[in-house]
Amino acid sequence: MKWIDKNLHIKPINTHIDPFRPVENAIITHGHADHAKPGHKNVLATKETIEIMKIRYGENCADHFQELELNQTLNIDEVSITFFPAGHILGSVQVLTQFKGEKINFTGDYKTSKDKTCVNFEPVKCHTLVTEATFGLPVFQHPDEKKEINKLLHSLYLFPERPHLVGVYALGKAQRVISLLRQQGYNKNIFIHGSLEKLCNYYQANNVNLGKLSKVSLINKNDYNGEIILAPPSAIKNIWSRKFEDPIISQASGWMSIKQRAKQSLVELPLIISDHADWNELTNYIKISEAENVYVTHGREEAIVHWCKKNNINGLALSLSGREDEEEL
């Protein structure tokens, strides 16, 4: 990557991809806080990512925004930039860059499984693939998400007198869990923590059907017996959750496949639902991309690099700091 450095700086056009600190020119792959920072002078992103950034950081979180639609190419001097769906959350993209005939694709965070809350992933062929590896170990093989959501519904059937508190991240995971519940025929009102309201409303405004949602009021804790309540994991861990009568604590995350991690979080009902690619998705995509070089931005880098070398692909860990395992904010 002679024209792009290890910090994802596109040198010919002085533009950074998902920079950690304010810069003059930034391309933002999606709205999670470990990728989308406020304070940049110029931001290039999808319409949805720009609007999510404004919801989270305020209208003036960058000096200037420019939208780029999916599968549209923007030429800046000798560099071309094209966005392709990443399938991670609403508005998320892979960034394909091309300079003097060389194609480098940056996945951002992604998953290849289908998801009704965002545009589904689209594979891209390139010379160099810059990929995440949040779940880049063979042990991570995510189960069918509908079977996981049925665990929640079955628990509700077994314990109809108990509220079910589900830990979900505010952007992406909350809306996906709600969507999965609706797909499985759960049509009752779903209660949400107040911090989820703005982004759920935004998804609804973008034609993602979430059904009837109500913000938790906590006037009478017995009102929530037998109900599903979604909240950030941080709220479930603090005094807020104690206002419910004998709740079943659940959490939706790819990390719930690690029993010790679920136990440490006092999760009684772990749901393995991830918005990141698992081991098979990561390695399959590397093959499909036909990339000669693979650079791993963050996650379980060593295993992916080792797999690449075993398959005669040049692999290197970039070890970018500031990337979270999953975004909670």
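Partners of K125 under the salt bridge (charged side-chain N to carboxylate O under 4.0 Å, His left out) rule, at least two apart in sequence or in another chain, are E290. For E301, there are no salt bridge (charged side-chain N to carboxylate O under 4.0 Å, His left out) partners at least two apart in sequence or on another chain. Residues satisfying the salt bridge (charged side-chain N to carboxylate O under 4.0 Å, His left out) criterion with E227, sequence neighbours excluded, are K188. By the side-chain hydrogen bond (donor to acceptor under 3.5 Å, both in side chains) test, S113 is found to be paired with no residue, residues two or more places apart in sequence or in another chain being considered. In this view, N150 and Q184 satisfy the side-chain hydrogen bond (donor to acceptor under 3.5 Å, both in side chains) rule, not counting sequence neighbours. By the ring pair (Phe, Tyr, Trp, His ring centres under 6.0 Å) test, W3 is found to be paired with F99, residues two or more places apart in sequence or in another chain being considered. Taking E102 as the reference, nothing meets the salt bridge (charged side-chain N to carboxylate O under 4.0 Å, His left out) condition, with sequence neighbours excluded. Residues satisfying the side-chain hydrogen bond (donor to acceptor under 3.5 Å, both in side chains) test with T82, not counting sequence neighbours, are T73. In this view, K47 and E51 satisfy the side-chain hydrogen bond (donor to acceptor under 3.5 Å, both in side chains) rule, not counting sequence neighbours. Here D115 pairs with K111, T117, C118, N120, R176, D275 under the side-chain contact (heavy atoms from CB on, under 4.5 Å) rule; sequence neighbours left out.
For L158, the CG atom sits in a packed shell: over 12 heavy atoms of surrounding residues, nucleotides or ligands are nearer than 6.0 Å.
Side chain to side chain, H9 and N14 meet the donor-acceptor criterion of an N or O pair below 3.5 Å. In this structure, a donor-acceptor pair under 3.5 Å is absent between the side chains of N42 and Q66.
With side-chain heavy atoms closer than 4.5 Å counting as contact, directly or through intermediates, the hydrophobic cluster containing V267 also holds M256, I272. Its side chain within the 4.5 Å cluster rule, I304 clusters with F84, L96, Y110, F121, V124, L129, W279, L282, Y285, I286, I288, V294, V296, V305, W307, I313 among the Ile, Leu, Val, Met, Phe, Trp and Tyr residues.
Under 4.0 Å is where a charged nitrogen must lie from a carboxylate oxygen, and between E268 and R162 at least one such pair does.
L320 and H298 make their closest contact through O-CB, 4.2 Å (heavy atoms, listed as atom of the first residue, atom of the second, distance).
The residue from K37, H35, H30 that alone fulfils the side-chain hydrogen bond (donor to acceptor under 3.5 Å, both in side chains) condition with D18 is H35.
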